[in-house]
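What follows is a set of notes on a single structure, which appears directly below.
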Number of protein chains: 2
Amino acid sequence: MNIAILGYGNLARGVESAVRQNDDIELKYVFTRRDPSGIKLLTEGVPVIGADDILRYRDDIDVLVLCGGSATDLPHMTPEYAKDFNVIDSFDTHAKIPEHFAKVDSAARGSGHTALISCGWDPGMFSVMRLLGNAILPEGSDYTFWGKGVSQGHSDAVRRIDKVKDAKQYTIPVDDALKRVRAGENPTLTTRQKHTRECFVVAEEGADTAAIEKAVKTMPNYFDEYDTTVHFITQEEFDRDHSEIPHGGFVFRSGVTGFSKEHSHVIEYSLKLDSNPEFTASVLLAYARAVYTLNLQGEIGCKTVFDIAPKYLIPMPDDEIRAHLL
Amino acid sequence: MNIAILGYGNLARGVESAVRQNDDIELKYVFTRRDPSGIKLLTEGVPVIGADDILRYRDDIDVLVLCGGSATDLPHMTPEYAKDFNVIDSFDTHAKIPEHFAKVDSAARGSGHTALISCGWDPGMFSVMRLLGNAILPEGSDYTFWGKGVSQGHSDAVRRIDKVKDAKQYTIPVDDALKRVRAGENPTLTTRQKHTRECFVVAEEGADTAAIEKAVKTMPNYFDEYDTTVHFITQEEFDRDHSEIPHGGFVFRSGVTGFSKEHSHVIEYSLKLDSNPEFTASVLLAYARAVYTLNLQGEIGCKTVFDIAPKYLIPMPDDEIRAHLL
């Protein structure tokens, strides 16, 4: 199976790296909207090509992995490329998924292609876990916690504050909340009770750090509803201790069964990830495999993780899966 | 969707109870190979009928839930009933799954029915987690731990010892092993390092408890490879403290990504169940829904959890699933 990547940021490099761990998948091309000569891949022999020329390579590409951003790239990119390719994306603006789905579905159906949107870990694996939990325990509560990990959006928000040179924000689930959910208490939790936020900030020389700290802690939508800690550190400390992009989180389904609802059950799924983009890329690649197989079977249109049977994710014959993994 | 249950043990009562939590599913009949007059259901208006008469009710039953045991009932029961019904079972003899699959597949295909075998939590949800983990992190290690929970097979083995009136055996994962796996250490663990076994035994009056304890701890296959604790208690204590059937466990996938395999990831799925049979029954019912839908779509033959896309497990239209669970 031949894939190509569109874009060359953190997620794309994660896909490039994951391909090496999957013998059945070959990376044929990387396409970019920037100047191709400015991009140096880590894989020998894979050409970097301007996105304008992509249609000339159409017949060589089984699945095109779209590595653009959810805010401005993917909303038009995925429907556009679904006209000529089987595509997969990691669109993660939850509220706009129905709209995105409709556009991609129409484009893919019109051209006989298969698309899969909103893949990764949330949306993605966490979504599968929410569905499984709700299907198995119809009477219960859902809990999703994120972290400990870097929130790109919150880090960007801190960086936009005056006199801030660099910043990284970690979202941290509150341990006591996790414990109560894990114990089957079914607690009602406020935003503040679920997560705390921790910021590491490099301020410009002579900056009023008290003013920066106040600006962070009171920032509407981003920080005002949370308990936030702000640490000022040097650029050296920042580069040394905060260059990675870890993340993770927890999905719980807590519910009851029995004639008198006398039995409680807790289902917990958790991820602890050293690299958010590399893990997301690894999920994308497993689902790209499913996109390809479904297209060969004539299953066209837009799909999500909910439409994909597990067997399509792994390059192993059905009888071996049953013998070794069931 | 109309279901019927064959058998009326703990698992069947779990199905009977779970039906009340699923508005789209109705329990039409319970079939038994015992004398139907000796069985009193907890649901009003559902007839209990001798298994010999089951074919007369064929047209009223969308899925027949087979609640027999894996050792002697299901190996012949599932292929037999797959000739006349869509069926689902919880066959859990891992080594014999390929053989069981082949027989059920042949019977179901021959008659245009859909069957799903080996459903529950292990095999079942744990199998799905093993597959997802392997698909996403192809370079890594799998770990499955069971417990804390009651092992029926080990409890039976202790009860067979001379002068033992009653016994219950709990399988307990070793906390230190869990911690090492959770920390991404990828440890190599012996049987003894993964689980301990704890037995609560009611001995007959005047029995040599030291002899019983030795018989338990040295029992080949069941206990000799484990650190086992034996507690002698009274029948009253036994009835008061050990009448429930809790269980659970953990599935881990621990793996690496990155050009230099420099990033570690840990995926953990865990279950904490007050009632093993009721949770298993709840999983069966969600998958029974998929069996029915697939059969309506003409997807016949034997399936496992690997063949089932998540959307088939929940009674919610696709657009609502995408809007609310993705």
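Lettering of chains follows the sequences in order, A, B, ..., and the numbering in each one begins at 1.
Atom CG of A:Leu325 and atom CG of B:Leu131 lie 5.5 Å apart (nearest 0.5 Å). Atom CG of B:Leu132 and atom CE of A:Met129 lie 5.5 Å apart (nearest 0.5 Å). Here the CD1 atom belonging to A:Ile136 is positioned 10.0 Å from the OG1 atom belonging to B:Thr280, to the nearest 0.5 angstrom. Here the straight-line distance linking atom CG of A:Leu285 with atom OG1 of B:Thr257 works out to 12.0 Å at 0.5 Å rounding.
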Problem set entry | Trace of the side chain to side chain contact (heavy atoms under 4.5 Å, CB included) decision for A:Lys261 with B:Arg20 | CA-CA 11 Å; A:Lys261 326 242 188 245; B:Arg20 300 179 176 213; 5.8 Å; no
For this session: Give the C-alpha distance, both sets of side-chain angles, the deciding distance and a yes or no for side chain to side chain contact (heavy atoms under 4.5 Å, CB included) between A:His265 and B:Leu271.
Result: CA-CA 7 Å; A:His265 308 277; B:Leu271 297 174; over 6 Å; no
Exercise. Step by step, would you call A:Glu262 with B:Asp274 a side chain to side chain contact (heavy atoms under 4.5 Å, CB included)?
Worked result: CA-CA 9 Å; A:Glu262 68 274 31; B:Asp274 274 0; over 6 Å; no
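For B:Asp122, the part lying under 4.5 angstrom from a heavy atom of chain A is the side chain only. With a 4.5 angstrom heavy-atom cutoff, B:Leu284 does not touch chain A via any of its atoms. Heavy-atom distances place the side chain of A:Thr304, and not its backbone, under 4.5 Å from chain B. There is no contact between A:Ala290 and chain B, counting heavy-atom distances below 4.5 Å. The contact between A:Phe101 and chain B is made entirely by side chain atoms (from C-beta outward), counting heavy-atom distances below 4.5 Å. In this structure, chain B has no heavy atom under 4.5 Å from any part of A:Arg253. A:Val251 does not touch chain B: none of its heavy atoms, backbone or side chain, sits under 4.5 Å away. Heavy atoms of B:Ile97 lying under 4.5 Å from chain A belong exclusively to its side chain. With a 4.5 Å cut-off on non-hydrogen atoms, A:Met316 does not touch chain B at all. Both the backbone and the side chain of A:Asn134 come within less than 4.5 Å of a heavy atom in chain B.
Options A:Ala95, A:Ser282, A:Ser264 differ in how many heavy-atom pairs under 4.5 Å they form with chain B, and the most are formed by A:Ser264. Between chain B and the residues A:Arg289, A:His94, A:His324, A:Glu16, the most heavy-atom pairs under 4.5 angstrom are made by A:Glu16. Each of B:Ala323, B:Ala286, B:Ser275 has some count of heavy-atom pairs under 4.5 Å with chain A, and the biggest count is that of B:Ser275. The choice from B:Trp121, B:Phe279, B:Phe250, B:Phe259 that makes the most heavy-atom pairs within less than 4.5 Å of chain A is B:Phe259. Put simply, of A:Met125, A:Glu268, A:Arg13, A:Arg182, the one with the most heavy-atom pairs under 4.5 Å next to chain B is A:Glu268. Interface remark: of the candidates B:Val256, B:Val128, B:Thr43, B:Leu42, B:Leu42 forms the most heavy-atom pairs closer than 4.5 Å to chain A. When the candidates B:Pro123, B:Ala102, B:Ser270 are compared by the number of heavy-atom contacts under 4.5 Å with chain A, B:Ser270 comes out ahead. Ranked by heavy-atom pairs shorter than 4.5 Å toward chain A, the options B:Asp318, B:Asp319, B:Ile267 are led by B:Ile267.
With sequence neighbours excluded, the residues that form a side-chain contact (heavy atoms from CB on, under 4.5 Å) with B:Val266 are A:Lys272, B:Phe252, B:Ser254.
Inspection of the B:Glu244 and A:His263 side chains reveals an N or O donor paired with an N or O acceptor under 3.5 Å.
Judged by distance alone, the side chain of A:Glu278 and the main-chain N or O of B:Gly258 form a donor-acceptor pair under 3.5 Å.
B:Leu326 approaches A:Ser118 most closely through the heavy-atom pair CD2-CB, 3.8 Å.
Cation-pi check for A:Arg322 over B:Phe306 is not met; the charged atom does not lie both under 6.0 angstrom from the ring centroid and within 45 degrees of its normal.
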